[in-house]
Protein chains: 2
Amino acid sequence: MSVETKDQILDAAERLFAVHGIDSVSLRTITQEAGVNLAAVNYHFGSKEALVTEVFARRVGQVNRERLRLLSEYEARVGAGPMEVEEVLRAFLAPAIYLSQDPERGGMVMQLCGRVYTESKEYMDGVFDELFREIIERFGAAFQRALPELPFREIFWRAHFAIGAMVHTMRDSNKLVRLSKGLCDPSDAESVIERMVQFTAAGMRAPLLPQFAEPQPAAVEAGVSS
Amino acid sequence: MSVETKDQILDAAERLFAVHGIDSVSLRTITQEAGVNLAAVNYHFGSKEALVTEVFARRVGQVNRERLRLLSEYEARVGAGPMEVEEVLRAFLAPAIYLSQDPERGGMVMQLCGRVYTESKEYMDGVFDELFREIIERFGAAFQRALPELPFREIFWRAHFAIGAMVHTMRDSNKLVRLSKGLCDPSDAESVIERMVQFTAAGMRAPLLPQFAEPQPAAVEAGVSS
DNA sequence: GTCTATAGGGGGATAGAC
DNA sequence: GTCTATCCCCCTATAGAC
């Protein structure tokens, strides 16, 4: 059936991209790994670029839906009360890291998701923006609510740093193990998530440096001077 | 002169790798950009892999020497006194970020250095380890001294997260500008460094979660029970 | 939908003249 | 040290039979 072939190609491509990177993997290798014919890629996807985009969109879409589900769940739980930045971060970070425990994929997905961010091509910018539009809106608002005193620009910067910590861990766990001579073990997703939440939450809460404070609104200054 | 040709190739390769990535850039493109003959690459470097390794080693070596210089300077300044984690982080982060102000390279180096970490190939593992051996030793000790209550494993994890924030910023400043719709401006290296030091220092100082505490050494337990 | 065969281009590396 | 010319490989994409 056609759906099977398409999925076999997607699965094989995902596996190979995760290990070797995008540019290094040829359609020949993918179709061989998938056990399908070379021409099937162009029949089902049209081009290698389109295949790459679908591989990434499939997994990122899945992760982002789970992120939004967790955030909605937390929003329902706190109601109108205050938000904890740890919980917002956990909703964002856990779905990506947690996939590494998927027994069917043996830790490959973590690397794959890391590559989504670091190797995304220009031709994917449109898809990428669309996949993250709602994420940015919803999580931006949640961070703003958890850290009301922080200018939005600083929230964006700090979220960017947090994403960097996440992506780097997803991509380069091999390097971490090697450089730490085995001291750090990234194979236990839950403890990775806890460490990451702890680190990034502290970073998000860091005091605001005066040079990055918002300029005072005119109304406030007027009130002081009058 | 031969040195000129070699450097022209290195410069052109660095510039092209920074923009397009390693696998996407051919030797033909590099030699064309450098204004030298195609065969010159194999004459001077032996292979594309060797060229790639030299491009990266040249820049990383330069950054790492500056890191060690700044750390030594700070160590001399504090003498036997306590160390501030901010200063250790600044010595590590600033040299990489600061290069983006190099007027001769117009911000390309930030991307290039980002790729050094995220696209380093297996064949570079040996060179990579050698380039970072002294960095890990010296900065590991400095962090341990600044955060004496933290188990070394946690220092390693947190430094890994900090490196992730750095690398992500170096590589993907375009995406940050685009997704933030211009709100975040990574072109001012000094304010990027300050934000990054602030974020990562807070993360490094985060309280130790009980499940990650070191098991008590036997001598201490013996002392308590006796 | 799936295959074979091939077009058509670009890649890294090298031999050998200068 | 530098060039030209070329070998031989692998790539994506597609035409056309089944």
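Quick caveat: nothing in here was measured; it's all calculated off a predicted structure.
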Item checked: Under 4.0 Å protein heavy-atom contacts per nucleotide of nucleotides 3-11 of chain D, with B for base, S for backbone only and - for none -> BB------B
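For Asn42(B) and dG11(C), the CG to C1' distance is 12 Å, given to the nearest whole Å. Note: OH (Tyr43(A)) to C1' (dA17(D)) measures 16 Å, nearest angstrom. Between Phe45(A) atom CZ and dA13(D) atom P the separation is 13 Å, expressed in whole Å. Nucleotide dT2(C) holds its C1' atom 16 Å from the NZ atom of Lys6(A), rounded to whole Å. Across the protein-nucleic acid pair, Ile22(B) atom CD1 and dG12(C) atom P stand 13 Å apart, rounded to whole Å. The CD-P distance, from Gln8(A) to dG1(C), rounds to 14 Å in whole Å.
Qualifying side-chain contact (heavy atoms from CB on, under 4.5 Å) partners for Lys48(B), counting only residues two or more places apart in sequence or in other chains: Leu27(B), Val52(B).
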Side-chain atoms of residues 88-95 of chain B: list all donor-acceptor pairs with protein atoms under 3.5 Å, sequence neighbours left out, distances to 0.1 Å.
| unit_1 | atom_1 | unit_2 | atom_2 | d |
| --- | --- | --- | --- | --- |
| Arg90(B) | NH1 | Glu194(B) | OE1 | 3.0 |
| Arg90(B) | NH1 | Glu194(B) | OE2 | 2.5 |

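Residue Thr5(A) places at least one side-chain N or O closer than 4.0 Å to OP1 or OP2 of dT2(C).
Under the 30°/60° scheme for interplanar angles, the aromatic rings of Trp157(A) and His160(A) are found to stand perpendicular.
A distance-only check finds a donor-acceptor pair linking the side chain of Arg158(A) to the backbone of Ala206(A) [under 3.5 Å].
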Next item on the list: Would you check, one step at a time, whether the test ring pair (Phe, Tyr, Trp, His ring centres under 6.0 Å) holds for His168(A) with His168(B)?
Entry: CA-CA 8 Å; His168(A) 190 57; His168(B) 191 55; 9.9 Å; no
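Arg138(A) and Ser72(A) share a side-chain donor-acceptor pair at under 3.5 Å.
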